[in-house]
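The shown structure was predicted, so the numbers you read here are calculated from the model rather than taken from an experiment. Every heavy atom of this structure was used, including side-chain atoms; hydrogens, water molecules and symmetry mates were not. This chain uses plain numbering: 1 for the first residue, then up along the sequence.
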Amino acid sequence: LAPSPRLPPRLWPPLRQELRSGGGLRLPGYARLVAAAAAVGCAFSRPTTTVCLYAAAALCDELDGRVARLAGQCSTFGAVLDMVTDRVSTSALLGVLAVLRPEWALVCLALQALDVASHWFQMQAASLGDSRGGGHKDLAFQRNFVVRLYYRYRAFMAATCVSCEVLYLCLFWLHWSASTGTGGVGGGGGGAVLAGNLLPLLFPGAAALTQPRWCLLLAKLAFPGFVVKQYVNVLQLGQAVQIIVDHDRALLDERRRKE
């Protein structure tokens, strides 16, 4: 393992301890935070920079997870930081879309609420002890068949998560292409490209964003994975709520027996 870096003496003690215990192996995770924050900061003025920084943050996320697993440096702090960063990054991107396209605001808010609620309940349910220390992704903890398949096949899970981010970034890019005059708005081409696509039902006006064509095609390809991810979020939320309710019932029954 790489030696622990020399850290500033006044660095926040918990962060200093975490960095020291992981050496330089966890730097991609912190680089991801910086890249995601910078991406949101540029979102309303520099779309190209935003997309590049957001893609860099996603790459850092992948590197962080792989390096931690290969080096045996997985930790509870790392798992929580990863999950929180995922939720914050996605919520921020949806918030940007809601500001840029007010007609999408309700959909973006609903997606934010489902994403945060699903993972928050899942983490709370896992903390009750059923996950056997494996966190909210532990297969032994999953009750729902679809959710078990989702977490069993990491490539499938990654594909659905990436599909969501790609769809949001494509919508972001389509908006800026239209607003800056580099893309088309309206016309007959958009209806033909989006024929049979449910995307305009969720995001009103998306059918009018027709250029660049490659971006529109990429959004269509990402849409099925996006739908699957939202379906899993609903199932995961229901599973976690049931686990928490069963836990409360067990505690109540035990309390009654003691009385």
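- Between the side chain of His119 and the main chain of Asp115, a donor-acceptor pair closer than 3.5 Å is present.
- Using bins of under 30°, 30° to 60° and over 60° for the plane-to-plane angle, the ring pair Phe226/Phe203 lands in the tilted bin.
- With rounding to the nearest 0.5 angstrom, the CG atom of Asn233 is 10.0 Å from the CD atom of Gln122.
- Rounding to the nearest 0.5 angstrom, the gap separating the SG atom in Cys161 from the CG atom in Asp86 is 7.0 Å.
- Note that NE2 of His175 is 11.0 Å distant from CG of Leu171, once rounded to the nearest 0.5 Å.
- In this structure, the side chains of Ser91 and Val116 come closer than 4.5 Å at one or more pairs of heavy atoms.
- Side-chain contact between Trp173 and Pro212 is present, with heavy atoms from C-beta onward closer than 4.5 Å.
- Between Ile244 and Asp248 there is a side-chain heavy-atom pair separated by less than 4.5 Å.
- In this structure, the side-chain contact (heavy atoms from CB on, under 4.5 Å) partners of Leu109, at least two apart in sequence or on a different chain, are Gln112.
- Just one of Val88, Leu93, Leu94 meets the side chain to side chain contact (heavy atoms under 4.5 Å, CB included) condition when paired with Thr90; it is Leu94.
- Listed by chain and residue number, Val241, Arg249 satisfy the side-chain contact (heavy atoms from CB on, under 4.5 Å) test with Val245 (two or more places apart in sequence, or in another chain).
- For the side-chain contact (heavy atoms from CB on, under 4.5 Å) test, residues two or more places apart in sequence or in another chain that qualify with Phe156 are Tyr150, Tyr153, Thr160, Val228.
- Residues Leu202 and Val99 are members of one and the same hydrophobic cluster, defined by side-chain heavy-atom contacts under 4.5 angstrom among Ile, Leu, Val, Met, Phe, Trp and Tyr.
- When side chains are defined from C-beta on, Arg255 does not count as touching Lys258, because their heavy atoms never get closer than 4.5 Å.
- Side-chain N or O atoms of Ser127 include one that pairs as donor or acceptor with a backbone N or O of Gln124 at under 3.5 Å.
- Ser163 has its side chain out of reach of Pro224: every pair of non-hydrogen atoms, C-beta onward, lies at least 4.5 Å apart.
- When side chains are defined from C-beta on, Met157 does not count as touching Arg152, because their heavy atoms never get closer than 4.5 Å.
- Remark: Leu97 CG to Cys108 SG distance equals 5.0 Å, nearest 0.5 Å.
- Residue pairs meeting the salt bridge (charged side-chain N to carboxylate O under 4.0 Å, His left out) criterion with at least one member in residues 224-240: none, sequence neighbours excluded.
- Annotation: side chain of Gln230 is not in contact with side chain of Val234 (no heavy-atom distance under 4.5 Å).
- For residues 96-112, the set of pairs meeting the salt bridge (charged side-chain N to carboxylate O under 4.0 Å, His left out) definition, not counting sequence neighbours, comprises Arg101-Glu103.
- Looking at every heavy atom in both residues, Val232 comes nearest to Val147 through O-CG2, 4.4 Å.
- Taking both residues in full, the closest heavy atoms of Ala219 and Leu167 are given as O-CD1, 3.7 Å, listed atom of the first, atom of the second, then distance.
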Identify every side-chain donor-acceptor pair in residues 47-57 under 3.5 Å, counting partners at least two apart or on other chains, and give the distances.
residue, atom, partner, partner atom, Å
Thr50, OG1, Ala39, O, 3.3
Thr50, OG1, Cys42, O, 3.1
Thr50, OG1, Ala43, N, 3.2
Thr50, OG1, Arg46, O, 3.0
Tyr54, OH, Ser89, O, 3.4
Tyr54, OH, Glu165, OE1, 2.5

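- If you take OG on Ser118 and CD on Gln239, they are separated by 9.0 Å, rounding to the nearest 0.5 Å.
- Defined by atom type and a distance below 3.5 Å, a donor-acceptor pair is missing between the side-chain atoms of Gln236 and Tyr231.
- When side chains are defined from C-beta on, Phe44 counts as touching Leu100, because their heavy atoms get closer than 4.5 Å.
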